[in-house]
Amino acid sequence: MKRIIFSCFACCVAMMAMADNREQLWQSFLTPPDSIRVGCYYYWVNERVDPKGVKADLQWMKDNGITLAFLATDIRNRTTNDNPWEGQTFGKNKFRSRLWWKNLRTALKTAGQLGIEMGLFNCPGWSQSGGPWVKPDEAMRNWTPHGGIETCKTKEGTDVMCSPCSPEAQGLEVDKLSKTHVKKHFEAFIGEILRHIPPKERPTLTTVVVDSWERGKQNYTDSIFVKFRQRYGYELDYASEACRKDLDRLIADLVASEYMGGLTEKAHQYGLRTWCEPYAHSPFPANSISYGSAADEVAAEFWVDDKKFRQKEVDAALGAARRSGKNRVWAESFTDGWPEWAADDWSFNKLKPIADRYFHAGINATILHVMISQPGDDSEPPVRPWFGTWFDRRSKNAKELKPLVRYLRRCNFMLQLGKPLGGATDQRVTPDGTIIRFTDESLFEVTFPDGHQESWNPAQDL
């Protein structure tokens, strides 16, 4: 009799524990923990930034559930590719002026007060890693057919520079094959900020951001001949077709180890981490998997009006994450661009199915593109660039942001639990054996260890 009573008691305890686990998971699904952060790219455009506006921007984020912001300090708008300076007007927030430093200090301090985690793009503009401090012999360079060395050029013939950014902030792109030059660049921008603004005024600054690769290729660095000989045991001859594949492999490895690895090493020295997008909008000289593995966090990107599914970019981020043991696979989400696309016409119903498609593909963490800083005086015209889905406080669909963020947080929470089930991109298994599947109907099918199954709707009661 005692055995029967004990057995029944143990069964009841197990059932109660399972019920508690179910209820705890359900409540966390409805209101995910603070560790699940939906973020945004936060752009300062054409120097039209002021402290009152910065405070209002960050309060707007907080009020709508955005608790992570990646700040790009010196974005330049443009109206055409042919003449990107035509029709541009700039405000008073000149690069590294007293107002610039005041705005940056205000942003970092206010974010700390609001509990918003912050990241900084690693250079002015958004791509890639450069600035006025980069000297020609520290820049991206190529070995020419005539045996000379020159700074890498764009198709239009000008030097490759960080872009798109305001005139005072623009400079040469740093050599991506030299950890020495990369670390010097880091110190000149991020390091200077960290020295200028004390830790108590930037308590939630955690991340250094490296956006998608848009700066083309290089084939030369100071020690390229020595490194080539050490690796392959013979001399590099740029004119020899037989060297081409070995040189390409060497360059790919150096971009990962010297560039991304160098940025990550420097970030770690300051207690920060790196976040990168391991793919390219232009020819990419690296291997996406090794390149992304050298960063602490990896991301893909998806667009609103793109007709093709960006499988290649998702695979790059997903592959890098799985190779290096990262659980989160971010996406720069809902990018838009050029005048015919960049408009204030978004809605929850328009964006939800786009996000769902990428959740199925393996994305489980969200950065919104884009939050544009707006003037503190709301009577001034809003700042409207040529790119982005506009999620800022001047958006005509501003009321749609909070339910969108709540939906994304719920999906991110469920898709970050446990680990992938059998290599699947949209199924997870938790340590206690609970299986979570994101269905074709955009529901979460939760199967508990006892076989009990429930369907949870992340769009419920938003």
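Positions are given from 1, in the same order as the sequence printed here. Fair warning: this is a prediction, and the values are worked out from it, not measured in the lab. FYI, side chains are in, hydrogens and waters are out, and symmetry mates aren't considered; it's all heavy atoms of this structure.
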Worked verdict on R195 versus E192 for salt bridge (charged side-chain N to carboxylate O under 4.0 Å, His left out): CA-CA 5 Å; R195 287 184 289 273; E192 186 65 15; 3.5 Å; yes
Test log, rule side chain to side chain contact (heavy atoms under 4.5 Å, CB included), inputs I367 and Y41: CA-CA 7 Å; I367 295 286; Y41 273 11; 3.5 Å; yes
Side-chain donor-acceptor pair present, E138, W133, cut-off under 3.5 Å: no
Between Q453 and T447, a side-chain donor and acceptor under 3.5 Å: yes
Flag, side chain of D296 to backbone of T264, donor-acceptor distance under 3.5 Å: no
Residue pair Q269 / K266, side-chain donor-acceptor N/O under 3.5 Å: yes
Side-chain H-bond candidate by donor/acceptor type, Y43 with N77, under 3.5 Å: no
Close side-chain approach of F413 to T31, heavy-atom, < 4.5 Å: no
Donor on one side chain, acceptor on other, N412 and Q416, under 3.5 Å: no
F309/F302 aromatic ring centres below 6.0 Å: no
side-chain contact (heavy atoms from CB on, under 4.5 Å) partners of A267, counting only residues at least two apart: F186, V208, L272, T274
F438 ring center within less than 6.0 Å of F444 ring center: yes
W213 (side chain) donor-acceptor with G216 (main chain) under 3.5 angstrom: yes
Pair E258-L177, side chain to side chain contact (heavy atoms under 4.5 Å, CB included): steps then yes or no: CA-CA 6 Å; E258 301 285 305; L177 310 182; 5.5 Å; no
salt_bridge(D345, K350) N-O dist < 4.0 Å: yes
Test side chain to side chain contact (heavy atoms under 4.5 Å, CB included) applied to E173 and C162, step by step: CA-CA 6 Å; E173 276 287 327; C162 57; 3.6 Å; yes
L415 backbone acceptor or donor facing R428 side chain under 3.5 Å: yes
Salt-bridge criterion met for D378 and R393 (N-O under 4.0 Å): yes
Within the 6.0 Å centroid threshold, strictly below: F70 and W275: yes
Spacing of S373 atom OG and N46 atom CG [to the nearest 0.5 Å]: 12.0 Å
Side-chain ion pair, R249 and D246, N-O less than 4.0 Å: yes
Pair W100 and F95, ring centroids less than 6.0 Å apart: yes
Donor-acceptor contact present, side-chain N103 to main-chain G53, <3.5 Å: no
S129 versus N122, side-chain donor and acceptor atoms under 3.5 Å: yes
Side chain to side chain contact (heavy atoms under 4.5 Å, CB included) between T366 and F359, worked out: CA-CA 10 Å; T366 304; F359 288 147; 4.2 Å; yes
